Amino acid sequence: MGIRFILMVNKQGQTRLAQYYEYLTLEERRALEGEIVRKCLARTEQQCSFVEHRNYKIVYRRYASLFFLVGVDNDENELAILEFIHLLVETMDRHFGNVCELDIMFHLEKAHFMLEEMVMNGCIIETNKSNILAPIQLMDKAT
Amino acid sequence: MNPFSSGTRLRDMIRAVRACKTAAEERAVIRKECAAIRAAISENDQDYRHRNLAKLMFIHMLGYPTHFGQMECLKLIAAAGFPEKRIGYLGLMLLLDERQEVLMLVTNSLKQDLNHSNQYIVGLALCALGNICSAEMARDLAPEVERLLQFRDPNIRKKAALCSIRIIKKVPDLAENFLNAAASLLKEKHHGVLITGVQLCTDLCRVSEEALEYFRKKCTESMVKLLKEVVNSPYMPEYDIAGIADPFLHIRLLRFLRVLGQGDADASDLMNDILAQVATKTESNKNAGNAILYECVETIMSIEDNSGLRVLAINILGRFLSNRDNNIRYVALNMLMKAITVDGQAVQRHRVTILECVKDNDASIRKRALELVYLLVNDTNVMPLVKELIEYLEVSDQDFKGELTAKICSIVEKFSPEKIWYIDQMLKVLSEAGNFVKAEVWHALIVVISNASDLHGYTVRSLYRAFQTSSEQESLVQVAVWCIGEYGEMLVNNVGMLNIEDPITVTESDAVDIIEIAIKRHSSDLTTQAMCLIALLKLSCRFPSCSQRIQEIIVQLKGSLLLELQQRSIEFSSIIEKHQNIRSTLVERMPVLDEATYSGKRAGSLPATGPTSNAASLNLPNGVAKPSAAPLIDLLDLSSDDVPAPSSSGGDFLQDLLGVDLSQAASLSGTSQAPKSGTDVLLDLLSIGSPPAQSSTSTADILSPGQDNTSVSTLQRISSPSSLSAQGSSPAQAAPMMDLLDGFSSSLPVAGNGLTYPSIVAFESNSLRINFDFSKTPGNPQATLIQAKFSNSSPNVYTDFIFQAAVPKFLQLHLDPASGNTLPASGNGSITQSLRVTNNQHGKKPLVMRIRIAYKVNGKDTLEEGQINNFPRDL
């Protein structure tokens, strides 16, 4: 319900982060990622950010070399999801400081922690950046 | 140091993977790494466990199997330290899912962690639970989660709220327990808790009816107040996005209001003000504002009717449509589709803009706009709309053409005001995108063309012109070839010119040229070539001067490797050479195909429709086991001189084929038996010496292969009568029949015409005797009236007595109802039946008849058959 998956993919099509909120086998995931990524990467700047794929929609946006793709149900508000993607990027930016693709790659678990604070089971929990980052900062201080 | 020991840090492994140039290298690296991890797991290595798990997660993300790491997750979760637990839970959520049984083992750890003193650990556990718990786990841990809904820390509360959502989805029965707690969440101040609380309530309403009622009564007003507060709230730095405070909360609240207001007038009334306020006051120059407006419009459309608000909503959508941002336009088009059901007029106003969107660069927008246009079409605007769409068809991309063509065709079919417009549009579509047009569509076109008799000339000339320009479109070629074959003489003689047409001179050889081109082209498929052959046959009759040339063309296909073409070629060339006399009757004009039955059948049978128009029934080769019998009626009951309407019983057509009209008014088996005997009779007639076919109760069986082989070839000819138009009986069939029957009658000189004819004993067996008495109607030497008398020579009573007869083609037979159907024993009574026979070859050929009698004796069915050759010569 709501969000079905969140993917971060670079321009060559390699997955940098994948979080699924519904069950798919490994082969299905790879196939899905391949299909979607091909569709999104082929689109130009002028085209709109929503792609219809099978029975759900994909909302995507490109930030520098990374594509953020969010798969949502058909009745979800697409513009809100676009906002959410932006929020996600800003949160990561605040934590890592000028986040780039390599940051996400090498600190994959932190990126996951952040995402977990924001989305649970396909629903958005928290949109307040301080609240999101508080436990992560605590944990960093502890270790 | 071995770079792949478990001492490797995650980043080093990532570096190693990135350094790989090929997929094979990457697989090798991963394999080594997995081996190291497996070794570490079996050694029960404590220190690097979390590092290994992090590596495993990365490997999993790349798409490799990692199930051996699942137990590691459990061990990590059970560890004491926070970082270990953290990684353990993360691994749990990524590597496992709710279907694995390993998950059950976690339940205990989860329970302990839910009661932990460290609230972050509680949060972790809630998170894991909320993401992947299964139904049993949900049931076990639901009480804990309920308790946590009232925890002091808002972070925990919000997570508990989302966890509850998953629980009630998995176990809807537990929904009631959460009602009160959820309602109290709505009074919070913390936005995180509010969002999740609203989400929980929305889902509760979706899951259970009584929750919906509860919330509607209790919470609608407070929700409205809350929304008002949020809308009017001052600047909140933490939640601000683009100048709007917490748009996500806005949207959630609007959605909740939508659920509450749907179907309920009172609740909707309460919301009107705030919805109006949001719709008008929200700034729409930023995406966040637009998102809120979008949600607002959706809500307005879903709740109970309020025309003022609706107008407002559609105006907003109109503004969206003309926005330059593609995203906004997409969203607007989406909403407008829903709005059409609500207020079609308002949407019509935006028709022009929508039409522009069909031509947009963006594929998603084009698709949406096309669907919207399809919904907008009505009788008044269909002509300009279709004109625009066809113009666009010429410039659209290949992948879009298919959809566009399908939509245009269905619009044209549904709304065409007059036939000539329909034909024009369809011709344009066929010329542009004929290859995308489905078979049913051009079949329907042919049905329409055949019905529009005054437009035949115009149609065939337009097709001729179209062929010159767009002959690579297969469907266009097929339609053109059919029309030229049918209406060729109109093309050449400029019959039926309409005053909008330019004059055009086409000679006979031009027409034949076209068909020759079509038949010789490599890219023509089987259907096209087959249709060309029959068109050539028709033209050989209509244009006698080209007959020789046509013969040459047909003969070239005699050696074709495709059976259908070879067969047609041979048959047609033999018709042209040897059977001049019947050729013209064979290729007479097709009868008008009945539109109503065609569209009815089409509506009833999709997608692979049973072919109804003649062109389609070309695809009725021997492999088709179940053609709808009705189309064959259209073709085959032209054997009688008048054009009967297609009769409903499928079986009659075979009798028409033979000129046998078994009008069994008798109450018994009715038509179901008649066709049965009809088919068997047919087989008997044509199965030259081979035993009659078994049990074909449905007429369709006659056309399926699997009969004995000798009848198959003759049956083939029956089943492709469609390849020859008009009279429906294949000439080839006539040929063997005549051959068959030439054998029957010995060529005796025609006897003198005594007007009285002796009665004959038509048939005699141990149990039955049939007498025929003859009389002629004065003035009609061809027609004979026969009185048949059946008598029973056995000691048993015969019941269910049915007499059937079949005659060759040059005779026509009509049976009147019998006087009864019980034949008393030992000649104590008799049944009489009168027959009328018309002999078209009166004087040249005598009557012959094959008969079959079916009756029951002592409850057992009996059948007798025979042939009557002893008719008086000059009947």
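All figures in this text were calculated on a predicted structure; none of them were measured in a lab. In what follows, chains carry the letters A, B, and so on, assigned in the order in which the sequence lines appear, proteins first and then strands, with residues in each chain numbered from 1.
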Taking it one step at a time, do A:Phe50 and B:Asn334 satisfy side chain to side chain contact (heavy atoms under 4.5 Å, CB included)?
-> CA-CA 12 Å; A:Phe50 316 126; B:Asn334 223 358; over 6 Å; no
Out of [options], return the one with the most heavy atom pairs under 4.5 angstrom to chain A.
options: B:Asp246, B:Leu162, B:Asp325; value: B:Leu162
options: B:Ile195, B:Ile14, B:Leu62, B:Ile328; value: B:Ile14
options: B:Leu94, B:Thr196, B:Asn290, B:Val331; value: B:Leu94
options: B:Glu298, B:His190, B:Met57; value: B:His190

Across all chains, not counting sequence neighbours, the side-chain hydrogen bond (donor to acceptor under 3.5 Å, both in side chains) partners of A:Lys110 are none
Take A:Met105 and B:Arg15 through the test side chain to side chain contact (heavy atoms under 4.5 Å, CB included) and record every step on the way to the result.
-> CA-CA 10 Å; A:Met105 272 179 62; B:Arg15 276 205 203 101; over 6 Å; no
So, taking the atom named [atom1] in [X] and the one named [atom2] in [Y], what distance separates them when rounded to the nearest 0.5 Å?
X: A:Phe106; Y: B:Asp12; atom1: CZ; atom2: CG; value: 8.0 Å
X: A:Asn77; Y: B:Cys296; atom1: CG; atom2: SG; value: 11.0 Å
X: A:Ile81; Y: B:Phe248; atom1: CD1; atom2: CZ; value: 7.5 Å

Exercise: identify the closest heavy-atom pair between [X] and [Y]:
X: A:Ala80; Y: B:Ala291; answer: N-CB, 3.8 Å
X: B:Gln199; Y: A:Cys123; answer: NE2-SG, 3.9 Å
X: A:Glu83; Y: B:Asn287; answer: OE2-ND2, 3.1 Å
X: A:Glu116; Y: B:Leu90; answer: OE2-CD1, 3.0 Å

Could you tell me which portion of [X] (side chain, backbone, both or neither) has an atom closer than 4.5 angstrom to a non-hydrogen atom of chain A?
X: B:Tyr89; value: neither
X: B:Arg368; value: side chain
X: B:Arg18; value: side chain
X: B:Leu126; value: backbone
X: B:Lys159; value: both

Contact part of [X] toward chain B, heavy-atom cut-off under 4.5 Å: side chain, backbone, both or neither?
X: A:Leu87; answer: side chain
X: A:Leu102; answer: side chain
X: A:Leu26; answer: side chain
X: A:Tyr20; answer: neither
X: A:Ile124; answer: both
X: A:His86; answer: neither
X: A:Lys39; answer: neither

Counting a contact as any heavy-atom pair under 4.5 Å apart, which residues of residues 133-141 of chain A contact chain B?
-> A:Pro135, A:Leu138, A:Met139
Indicate yes or no: at least one non-hydrogen side-chain atom of B:Val17 is less than 4.5 angstrom from one of A:Gln14.
-> no
Heavy-atom side-chain proximity of B:His60 to A:Arg29 below 4.5 angstrom | yes
Between B:Asn327 (side chain) and A:Leu79 (backbone), is there a donor-acceptor pair under 3.5 Å?
-> no
Quick one: of A:His107, A:Arg43, A:Glu90, who has the most non-hydrogen atom pairs under 4.5 Å with chain B?
-> A:Arg43
Could you have a look at A:Glu33, A:Glu52, A:Gln19, A:Glu109 and say which one has the most heavy-atom pairs with chain B under 4.5 angstrom?
-> A:Glu52
Will you find, in the side chains of B:His191 and A:Asn131, an N or O donor that is under 3.5 Å from an N or O acceptor?
-> no
